[in-house]
Student: 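The structure under discussion is supplied below as structure tokens; questions concerning it will follow.
Hydrogens, waters and symmetry mates play no part in the numbers below; they use all other heavy atoms, side chains included. Numbering of ligands and ligand atoms starts at 1, following listing order.
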Amino acid sequence: MSSSTDADEKKKESFNAEAASLLVNNLRATFASGTTRSYEWRASQLKALIKLCDAHEQQIIDALYSDLAKPPLETVAYEIAMFKNSCKAALKELKRWMTSEKVKTSIATFPSTAEIVSEPLGVVLVISAWNYPFLLSLEPVIGAIAAGNALVLKPSEIAPATSSLLAKLLGEYLDNSCTRVVEGAVDETSALLQQKWDKIFYTGNGRVGRIVMAAAAKHLTPVVLELGGKSPVVVDSNIDLKVATRRIIAGKWGCNNGQACVSPDYIITTKDYAPKLVDSLKAELEKFYGKNPLESKDLSRIVNSNHFGRLTKFLDDEKVSGKIVFGGEKDESKLRISPTILLDIPRNSLIMREEIFGPLLPIITVDKLEESFDVINSGTKPLAAYLFTTNNKLKEQFVMNISAGGLVVNDTALHLAVNTLPFGGVGESGVGAYHGKFSFDAFSHKKAVLYRSFLGDAPVRYPPYTNIKMRLLKALVGGGLLGIIRALFGLS
Ligand code: NAD
């Protein structure tokens, strides 16, 4: 942000591996003191995060407007309200999540009891992305705090206003001996990645995901990688077209103008149905964003000129340049690109080989809708996949045959608002998951604890080993009472 002072700049410049090491050591000392383990500390931090949202809603809206021209409604609903909702759900469930889970034991350990104890991992690193810079920074922080960890958050430098606001507000609202924000870009992130963490939670693209995983591997640090991919939408012909169209638009252009990890990346429909779908998309897009969408206040801008150039390259590819059936307008000075639909583009075009992450929506046509499964499965596993149909058999086949981070039938993007569902990718779209209890679990170690008394000290496990002991142990480990009786009578 332009308001950062020289002192701030110096502080940022001096954040090298040495400073990162010192920071981690300090956090380790606080973690070791036990501060973060109590229910009271965890709850107080979650409550402070809710307060932060309530007291600074306008500043958050302004920061996201400065970074992305994000419409205030999208900021309030999809970043602040969703985040507060997650905090409240965590607060409501926290005691239950922290309670150890009693589990059954086997006859081989009789008499005994056992439980699974969730313990904090220690000191964790959260690295977040620019597109939902508030939500994606703080949603993992809920899990890290709820699970009782100390943490460092590294927001994205590509959303500088939000990054600096987060640094300021987290400094004011959270316990700084346990939670710290480090601002910066590649150098600062690299300095952080050289350190030993107990978990690294990264949101962003797969190229950097690989850098994060390689750095983590040096210390055997576990990772969650929340990545992206090409999320398809399969559209059948037996649907309520108007509702489907509006829901596709809401998930694509209504989510940060397509700059969302779960945005529909491309549509697959039949050759026969495509013209109807295109007409419907055109009509609804015009209703939503007017005749000159470049001027619409309800569409985010492209985040920066690099991403603007990346998206322009997709459109300049000679394989697709004649395929635009709607939109295609650009204003580089304002970093605006209008909602753009491309029809019947070849699958080997650039736009079909990379994640789009912007307001361009290609449509691929097939003879029969069933062919869409092969189209999807011929690529890497997407973060989300969507199907619009009323055909139950097709729904079933879709769920059985499509491997993606998450699926939604007859809507887009909404699965991430359901806290009881895990949110994460598979294969190229990510490793691990979070949201709700899954966030708590992502930042916890599930410790196995077995309790024995001094009773039941069976000589069978001690030398000298004999055939009868071997038979008995085999039966005991096998777990069947009948087997044990047979072994005792020499029958097995
Ligand atoms: P980005 O450029 O903000 O990068 C993400 C983070 O990586 C930043 O904090 C950045 O500082 C850091 N980084 C960048 N280069 C680095 C390097 N060389 N070494 C170490 N750290 C580095 O965000 P992005 O990658 O452009 O984000 C967009 C991608 O993220 C898309 O692929 C999108 O699908 C994905 N995404 C996924 C989710 C999800 O929840 N699964 C959410 C949002 C975005």
Student: Looking only at heavy atoms, is any part of Ala260 under 4.0 Å from ligand 1, and if so is it the side chain, the backbone, or both, or is it neither?
Tutor: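 Answer for Ala260: neither.
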
Student: Taking distance alone, with no angle check, do Glu157 and ligand 1 share an N/O pair under 3.5 Å?
Tutor: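 Yes, since at least one N or O of Glu157 sits under 3.5 Å from an N or O of ligand 1.
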
Student: Is the shortest distance from a Lys or Arg side-chain nitrogen in Glu284 or Arg246 to a carboxylate oxygen in the other one below 4.0 Å?
Tutor: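 Result for this pair is yes, salt bridge flagged.
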
Student: Which ligand 1 atoms does Ile211 reach within 4.0 Å, using its non-hydrogen atoms?
Tutor: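 Near Ile211, meaning under 4.0 Å from one of its heavy atoms, ligand 1 has 18 (N).
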
Student: Are any non-hydrogen side-chain atoms of Leu299 and Pro293 less than 4.5 angstrom apart?
Tutor: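 Sidechains of Pro293 and Leu299: in contact.
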
Student: Hey, could you give me the CG/CG distance between Asn377 and Asn401, rounded to the nearest 0.5 Å?
Tutor: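 Reported value, rounded in 0.5 Å steps: 7.0 Å.
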
Student: Tell me the protein heavy atom at minimum distance from atom 17 (C) of ligand 1, and give that distance in Å.
Tutor: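 For atom 17 (C) of ligand 1, the nearest protein heavy atom is Val186 CG1, 3.9 Å.
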
Student: Go through ligand 1 atom by atom and flag the ones less than 4.0 Å from a non-hydrogen atom of Ala129.
Tutor: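 Those qualifying, in numeric order: 3 (O), 23 (O), 27 (O).
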
Student: Can you pull out the closest protein heavy atom to atom 12 (C) of ligand 1? Residue, atom name and distance to 0.1 Å, please.
Tutor: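 Looking at atom 12 (C) of ligand 1, the protein heavy atom closest to it is Ile127 CG2, 4.2 Å.
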
Student: Looking only at distance, does Ala185 have an N or O less than 3.5 Å from an N or O of ligand 1?
Tutor: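 It does not: no N or O of Ala185 is found under 3.5 Å from an N or O of ligand 1.
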
Student: What atoms of ligand 1 come within less than 4.0 Å of a heavy atom belonging to Leu136?
Tutor: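 Contacts of ligand 1 toward Leu136, numbered from 1: 42 (C), 43 (C).
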
Student: In terms of residue, atom name and distance, what is the protein heavy atom nearest to atom 31 (C) of ligand 1?
Tutor: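 For this ligand atom, the closest protein heavy atom is Glu355 OE1, 3.5 Å.
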
Student: Is the His56 to Tyr173 ring centre distance short of 6.0 Å?
Tutor: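 Yes, ring centres under 6.0 Å apart.
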
Student: Check this for me - ligand 1, Tyr434, N or O atoms closer than 3.5 angstrom, yes or no?
Tutor: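 No, there is no polar N/O contact under 3.5 Å.
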
Student: When you measure from atom 38 (C) of ligand 1 to each heavy atom in Cys261, Gly430, Gly405, Ser263, which option holds the nearest one?
Tutor: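 Among Cys261, Gly430, Gly405, Ser263, the closest heavy atom to atom 38 (C) of ligand 1 comes from Cys261.
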
Student: Which heavy atom of the protein is the closest neighbour of atom 21 (N) of ligand 1, given with residue, atom name and distance?
Tutor: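 In this structure, atom 21 (N) of ligand 1 has Thr189 CG2, 3.2 Å as its nearest protein heavy atom.
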
Student: Is the number of heavy atoms from other residues, nucleotides or ligands under 6.0 Å of Arg180 CZ greater than 12?
Tutor: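 Atom CZ in Arg180 is not crowded, with 12 or fewer foreign heavy atoms closer than 6.0 Å.
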
Student: With atom 41 (N) of ligand 1 as the reference point, say which of Thr203, Asp265, Ile158, Leu227 has the nearest heavy atom.
Tutor: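 It is Leu227 whose heavy atom sits nearest to atom 41 (N) of ligand 1.
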
Student: Side-chain contact test, heavy atoms from C-beta onward, threshold under 4.5 Å: evaluate it for Thr75 versus Lys70 and give yes or no.
Tutor: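 Yes, at least one pair of side-chain atoms sits under 4.5 Å.
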
Student: Look at atom 6 (C) of ligand 1 and say which protein heavy atom is nearest, naming residue and atom and giving the distance to 0.1 Å.
Tutor: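 Ranked first by proximity to atom 6 (C) of ligand 1 is Ser128 O, 3.5 Å.
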
Student: Salt bridge (Lys or Arg N to Asp or Glu O under 4.0 Å) between Glu428 and Arg210: does it pass, once the steps are laid out?
Tutor: CA-CA 10 Å; Glu428 288 277 322; Arg210 284 168 170 79; 2.9 Å; yes

Student: To the nearest 0.1 Å, how far is atom 23 (O) of ligand 1 from its closest protein heavy atom, and which atom is that?
Tutor: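 Of the protein heavy atoms, Trp130 CD1, 3.2 Å lies nearest.
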
Student: Quick one: which residue pairs count as a ring pair (Phe, Tyr, Trp, His ring centres under 6.0 Å) with a foot in residues 63-86, not counting sequence neighbours?
Tutor: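 Those involving residues 63-86 are Phe83-Phe134.
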
Student: Is Arg28 salt-bridged to Asp198, cutoff N-O under 4.0 Å?
Tutor: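 Yes, Arg28 and Asp198 are salt-bridged.
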
Student: Run down the list Phe357, Tyr202, Phe423, Tyr132 and name the one with the heavy atom closest to atom 28 (C) of ligand 1.
Tutor: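 Comparing heavy atoms across Phe357, Tyr202, Phe423, Tyr132, the nearest one to atom 28 (C) of ligand 1 lies in Phe357.
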
Student: Can Gly425 be said to touch ligand 1, with heavy atoms closer than 4.0 Å?
Tutor: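 Under 4.0 Å: no for Gly425.
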
Student: Any idea which part of Asn205 is under 4.0 Å from ligand 1, heavy-atom wise: side chain, backbone, both or neither?
Tutor: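 Both parts.
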
Student: Using 30° and 60° as the class boundaries, would you call the ring planes of Tyr434 and Phe201 parallel, tilted or perpendicular?
Tutor: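 Judged by the thresholds at 30° and 60°, the geometry between Tyr434 and Phe201 is perpendicular.
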
Student: Do Ser118 and Lys446 get their side chains close enough for a donor-acceptor pair, meaning under 3.5 Å?
Tutor: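 Yes, because at least one side-chain N or O of Ser118 sits under 3.5 Å from a partner of the opposite role on Lys446.
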
Student: Considering only protein heavy atoms, which is closest to atom 15 (N) of ligand 1, and at what distance to one decimal place?
Tutor: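 Atom 15 (N) of ligand 1 sits closest to the protein heavy atom Val208 CG2, 3.4 Å.
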
Student: Report the C-alpha separation of Lys252 and Asp265 in whole Å, then their side-chain angles, then the decisive distance to 0.1 Å, and conclude whether the salt bridge (Lys or Arg N to Asp or Glu O under 4.0 Å) test is met.
Tutor: CA-CA 8 Å; Lys252 178 75 179 179; Asp265 188 275; 5.6 Å; no

Student: Which residue and non-hydrogen atom of the protein lie closest to atom 3 (O) of ligand 1, and at what distance in Å?
Tutor: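 For this ligand atom, the closest protein heavy atom is Ser156 OG, 2.6 Å.
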
Student: Could you list which atoms of ligand 1 come closer than 4.0 Å to a heavy atom of Leu383?
Tutor: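 So the atoms of ligand 1 that pass are 41 (N).
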
Student: Where the side chain of Thr189 meets the backbone of Ala185, is there a donor-acceptor pair that is under 3.5 Å apart?
Tutor: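 Here the side-chain-to-backbone pair exists.
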
